[in-house]
Each structure stands twice: as structure tokens, then as C-alpha cells.
Amino acid sequence: MISTVLGILTIGASCVWLWPLARRWLWPLRGQPYFEGLALAAGLSLSLGVLSLLMLGLGLLPGAWLRPVTVLPIPWLGLAVSAWLERSQWVDALRAGLPAEWRQHRRTYALAWWLGLVGVGGLIVIAINAISYPFYRSDLLNRYGPQARELFSAGHVPQAMIGYPPGMPMLYAFAFFAAGAVNDHMAGMIIVAYAAAMLGAVWLVARLFAGQARLAVVFALSAPLFVDWATSGYVDVPEGVYRGLALAFAYFWLERGDKRFAILVGVMCGLALWMKQSSLALLPSLAVMPVLRLWKTDRSNRARELGQTGLMAAALLAVALPWYGRSFLLGGPGSLFVSANPLDVQGADHSPSLLLVFWERRNLWGWPLALTVLPGLLISVWLLIRRPQASRSPSLN
């Protein structure tokens with residue numbers, strides 16, 4: 001019983017051990033109404049992502065260093081250090097209590113608080129299902145689960161494990177270490193953490209671009225596909241978390257020109273690649289970012305902008321290159337891309353109607369998204385274009 005409680009607490013610590021440092025790193029945004037939500041989503045995502053990368057480093061060392069004695073202390077030590085560095089902030093927060101603007105918002109916008117409760121209720125349903133059942137979907141039974149068990153038992157990254165990134169299997173192995181044995185139910189806590197982070201990323205992006213943050217979360221929970229994947233542990237949800245946060249930090253970088261946001265864009269894109277190779281599709285978008293920054297700055301600042309671009313690229317490579325470089329050296333160029341299942345390819349639908357996939361597959365995405373996603377995207381772009389210049393200033397009011 002005690003070991004189970006300690007395991008649960010350790011997995012909980014693994015989800016938040018970088019949260020205080022995330023708040024510290026994002027200090028230029030303090031005072032903004034979305035700051036705490038952003039810091040929590042970023043802290044949770046960075047905590048799990050960095051933990052899995054540290055485990056990769058241990059797993060690549062000669063010998064068997066991927067063991068409970070080397071892995072389990074990481075989040076506790078990190079949490080102690082980061083909490084100590086931010087101790088003054090925690091004391092001030094406890095003294096202040098609930099921010100005044102939150103209390104006023106709760107009284108003035110009752111509907112928004114009810115929508116928030118709907119979001120929390122949906123996450124609870126996901127949590128109950130994810131933790132109650134063992135792995136049951138094909139990808140987890142055929143790839144993620146076996147890889148996690150292999151990492152757990154071998155104590156290192158096998159040489160034959162190349163190609164598909166083991167970001168999530170590494171975290172499932174951490175849950176096994178915390179449980180003391182292979183335990184799909186404990187690994188379900190990692191699944192729930194990423195589901196919460198996904199809802200946080202949806203809230204944040206909607207808050208930045210449209211303002212209807214809680215309604216966006218409710219729409220996400222109305223999609224059967226999201227609830228299914230978030231419950232069963234599909235790697236697309238963690239990948240989507242990092243993509244969403246990369247978009248948010250790209251927005252901050254474009255608006256503020258702060259190098260810390262350029263670095264975070266690279267880190268989040270690198271973690272998306274560490275989760276799944278399909279995030280290679282982000283690279284063309286990243287190539288556009290420096291062009292947009294250079295377009296809105298004068299010539300005297302171009303050297304600084306190019307330097308920030310270099311920082312973004314360096315951060316991405318620092319996160320993604322260890323795995324992709326290893327796969328290239330051991331398996332050649334073909335190992336960088338995983339071929340789809342032949343049965344999936346044979347049954348794939350290539351009709352042009354899938355350009356409107358939310359409507360064409362409304363049974364998967366749900367009627368609320370099917371009816372609103374395309375008009376919502378068009379309205380969001382229109383609002384972003386016509387937003388007064390004052391509201392697009394670095395204050396992001």
C-alpha cells in the first residue's frame with residue numbers, strides 16, 4: 001500500500017517538477033490573465049518531456065543505467081530545487097489568495113465558470129477510464145507497451161530500438177519504475193497528464209486568438225476522437241500538446257521579439273518530434289518564422305533576429321537530434337521515417353472531401369466541431385487581422 005502511494009506521488013511529481021521554473025522563465029508575461037494557465041501547461045509538458053529525454057540519456061550510456069535508483073529521484077530533486085528558487089513567489093501567492101481579477105471574473109461571468117466545470121468534469125471522466133483499464137488499443141499493445149516493458153526490463157535503450165521515437169514508452173517505463181512492476185494503470189496517469197495539458201493548450205491558444213477559451217475546451221471534449229485518444233494513450237495527444245504550445249510561443253515571439261520565446265518554440269517543436277515523426281511537418285512553418293520577424297523589424301535589428309533564429313534552431317536540434325541522429329547512424333535515412341501499416345494504406349481515403357475532414361468525419365469529431373471549426377477558423381483570422389494595433393502590442397492586453 002505504501003509503495004503504491006509513493007509511486008503515485010512520484011508520478012505526480014514527474015508531471016510538475018519543472019512547473020516552478022516554467023513560471024520563472026515566463027516572468028515577462030506575469031500579470032497577464034492567462035499567465036498561470038500558460039505556466040501550468042508549459043510546466044507540465046516540459047516536466048514530462050525533459051524527464052523522458054534525461055531517461056534517454058541514461059539509457060544510451062554503456063551498461064544498464066535506466067534503473068529506479070537513477071530515474072525516480074530526478075523529479076523529486078528537480079522539484080525541490082525549482083521550488084526553492086521560486087520560494088518567494090509561492091509565499092506571496094499564498095498570502096494573496098485567489099487573484100482579485102479571478103474573483104471578479106467568477107462573479108461577473110458565471111457562464112464561463114460553468115463551462116470551466118464542464119471541462120474539469122470531462123477530464124475526470126478521461127482520468128477514470130485511462131487509469132481503470134490496461135492498455136487496450138492496437139498501437140499500445142503492439143508498439144508503445146512492448147517498448148516500455150523492454151526499457152523497464154533491460155535498463156538501457158536496445159540497439160535495435162531505432163526509428164519511431166520512444167518518448168511515450170520512456171514515460172510509461174518511468175511509471176513502471178514508480179510502481180515497481182509493469183503496471184498499465186499507473187502508466188495511465190501519464191496519459192491523463194497529457195490529456196490535461198492538451199486541454200490547457202486548447203484553452204491557451206483559444207484565449208490568445210479568439211478569447212472564448214473555456215468554450216473551446218468544451219468543444220474539444222465534445223469530439224469523440226479526442227476523448228478516445230486521450231483515454232487510450234495515443235501518442236497524437238502528447239504530440240498535439242507540444243504543437244499547440246509551439247504555436248503559442250511562436251505568437252509571443254512574433255509579438256515581443258524576446259529570445260526566450262524563440263528558444264521555447266524550438267524546444268516545443270523538438271519535443272513534438274520526440275513524440276512522433278509526423279511533426280516533421282512543423283519544419284516548413286518554422287522556416288517562415290524568421291521571415292515574419294525580419295519583415296516587421298528594421299535593418300539595425302536584423303542581426304539580433306538572426307541570432308534568435310539560431311537559438312530556436314539550436315534548441316530544436318538539442319532536443320530532437322540525439323534520437324534522430326542515433327537512428328540515422330544505426331539504420332540509415334530510412335529509419336527516420338516509419339512506413340504506415342500496409343492495411344491502413346490500402347484502406348486510406350484520398351478523396352478531396354477530406355480537405356473538410358471535420359465535416360466529412362463528423363462522427364469522429366462530433367457535431368459541435370463539425371459545425372463550427374471552419375467558420376471559427378475564418379473568424380479567428382479575421383479578428384486577428386482587424387485587431388487594433390494597440391492590442392497587438394507587447395502587452396498583449
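Each residue takes its place number in the sequence, starting with 1.
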Legend entry - side chain to side chain contact (heavy atoms under 4.5 Å, CB included) evaluation trace for Met161 with Trp323: CA-CA 10 Å; Met161 190 179 291; Trp323 178 256; 4.1 Å; yes
Inset, instruction - Look only at the side chain of Asn142 and the backbone of Ser138, and say whether a donor-acceptor pair between them is shorter than 3.5 Å. - result: yes
Legend entry - Heavy-atom side-chain proximity of Leu18 to Ser82 below 4.5 angstrom: no
Inset, instruction - Using a cut-off of 6.0 Å, state whether more than 12 heavy atoms not belonging to Tyr136 lie near its atom OH. - result: yes
Legend entry - Closest contact, heavy atoms only, Ile190 versus Ala175: CG1-CB, 4.4 Å
Inset, instruction - Could you work out the complete set of other residues in the hydrophobic cluster of Val120, with links drawn between I, L, V, M, F, W and Y side chains under 4.5 Å apart? - result: Ile124, Ile128
Legend entry - Same apolar cluster (I L V M F W Y, side chains within < 4.5 Å links), Val81/Val16: yes
Inset, instruction - Step through it carefully: locate the ring centre of Tyr234, locate the ring centre of Trp229, and say whether they are under 6.0 Å apart. - result: yes
Inset, instruction - Quick one: do Trp76 and Trp17 satisfy side chain to side chain contact (heavy atoms under 4.5 Å, CB included)? Show the steps, please. - result: CA-CA 7 Å; Trp76 289 113; Trp17 66 285; over 6 Å; no
Legend entry - Glu36 (side chain) donor-acceptor with Arg30 (main chain) under 3.5 angstrom: no
Legend entry - Under 3.5 Å side-chain donor-acceptor pair for Ser47 and Trp19: no
Inset, instruction - Would you confirm whether Ser327, through its side chain, and Tyr324, through its main-chain N or O, come within 3.5 Å as a donor-acceptor pair? - result: no
Inset, instruction - Could you check if a side-chain atom of Ile191 sits within less than 4.5 angstrom of a side-chain atom of Phe135, using non-hydrogen atoms only? - result: yes
Inset, instruction - Measure the CZ-CG distance between Phe249 and Leu204 for me, rounded to the nearest 0.5 Å. - result: 7.5 Å
Legend entry - Smallest separation among heavy atoms of Ala148 and Ala173, with atom names: O-CB, 3.7 Å
Inset, instruction - Using the side chain to side chain contact (heavy atoms under 4.5 Å, CB included) rule, take Val265 and Phe252 through it: C-alpha gap first, then chi angles, then the decisive distance, then the call. - result: CA-CA 10 Å; Val265 170; Phe252 294 133; over 6 Å; no
Inset, instruction - Answer yes or no: is there a donor N or O on one side and an acceptor on the other, between the side chain of Trp65 and the main chain of Gly57, under 3.5 Å? - result: no
Legend entry - Single-linkage hydrophobic cluster Leu283~Phe328, side-chain heavy atoms < 4.5 angstrom: yes
Inset, instruction - Treat each ILVMFWY residue as a node, draw an edge where side-chain heavy atoms are under 4.5 Å apart, and state whether Tyr251 and Val288 are in one component. - result: yes
Inset, instruction - Give a yes or no on whether the backbone of Met275 and the side-chain of Ser279 come within a donor-acceptor separation of less than 3.5 Å. - result: no
Inset, instruction - Over all heavy atoms of both residues, which pair between Pro224 and Trp365 is shortest? Give the atoms and the distance, please. - result: CD-C, 3.7 Å
Legend entry - Heavy-atom donor-acceptor pair, Gln147 side chain to Pro166 backbone, under 3.5 Å: no
Inset, instruction - Nearest 0.5 Å please: distance from the CZ atom of Phe261 over to the CD atom of Gln308. - result: 10.5 Å
Legend entry - Leu273 side chain reached by Leu282 side chain, heavy atoms, under 4.5 Å: no
Inset, instruction - Any chance you could measure Arg67, atom CZ, to Leu72, atom CG, to the nearest 0.5 Å? - result: 12.0 Å
Legend entry - From CZ (Phe226) to CG (Leu369), nearest 0.5 Å: 11.0 Å
Legend entry - Test item: Cys269 and Leu286 side chains (from C-beta on) under 4.5 Å apart, heavy atoms: yes
Inset, instruction - Tell me whether Val291 is reachable from Met289 by hopping between hydrophobic residues (I, L, V, M, F, W, Y) whose side-chain heavy atoms are closer than 4.5 Å. - result: no
Inset, instruction - Answer yes or no: are there more than 12 heavy-atom neighbours, outside Trp27 itself, under 6.0 Å from its atom CH2? - result: no
Legend entry - CZ on Arg243 to NZ on Lys276, rounded to 0.5 Å: 8.5 Å
Inset, instruction - Tell me whether the guanidinium CZ or amine NZ of Arg143 lies under 6.0 angstrom from the six-membered ring centre of Tyr164 and within 45° of its axis. - result: yes
Inset, instruction - Could you tell me the separation between the CZ atom of Phe219 and the CG atom of Leu371, rounded to the nearest 0.5 Å? - result: 9.0 Å
Legend entry - Pairwise side-chain contact, Trp253 with Lys259, heavy-atom cut-off 4.5 Å (strictly under): no
Inset, instruction - Share the residues that join Leu330 in a hydrophobic cluster, the rule being Ile, Leu, Val, Met, Phe, Trp or Tyr side chains under 4.5 Å apart at the heavy-atom level. - result: Ile162
Inset, instruction - Report yes or no: does His156 contribute a side-chain atom to a donor-acceptor pair with the main-chain N or O of Ala64 at less than 3.5 Å? - result: no
Inset, instruction - Taking all heavy atoms of Ala370 and all of Arg362, pick out the closest pair and write down the distance. - result: CB-CB, 3.6 Å
Inset, instruction - For the pair Asp258 and Arg260, find out whether any cationic side-chain nitrogen is under 4.0 Å from an anionic carboxylate oxygen. - result: yes
Legend entry - Working for side chain to side chain contact (heavy atoms under 4.5 Å, CB included), residues Ile126 and Leu221: CA-CA 10 Å; Ile126 290 174; Leu221 287 168; 4.0 Å; yes
Inset, instruction - Work out which heavy atom in Ala181 is nearest to a heavy atom in Phe152; give both atom names and the distance. - result: CA-CZ, 3.8 Å
Legend entry - In one Ile/Leu/Val/Met/Phe/Trp/Tyr side-chain cluster, 4.5 Å: Leu66, Leu61: yes
Inset, instruction - Check whether any side-chain N or O of Ser52 sits under 3.5 Å from a backbone N or O of Gly49 as a donor-acceptor pair, and report yes or no. - result: yes
Legend entry - Backbone N/O of Asn129 and side chain of Ser132: donor-acceptor pair under 3.5 Å: no
Legend entry - Arg361 side chain near Asn363 side chain, heavy-atom distance below 4.5 Å: yes
Legend entry - Heavy-atom check, side chain of Leu151 versus side chain of Met170, under 4.5 Å: yes
Inset, instruction - Indicate the atoms forming the closest heavy-atom contact of Leu38 with Leu26, along with that distance. - result: CG-CD1, 3.9 Å
Inset, instruction - Answer yes if the ring centres of Tyr144 and Tyr172 are under 6.0 angstrom apart, and no otherwise. - result: no
Inset, instruction - Check whether any side-chain N or O of Thr70 sits under 3.5 Å from a backbone N or O of Leu58 as a donor-acceptor pair, and report yes or no. - result: no
Legend entry - pair Arg326-Val157: side-chain heavy atoms closer than 4.5 Å: yes
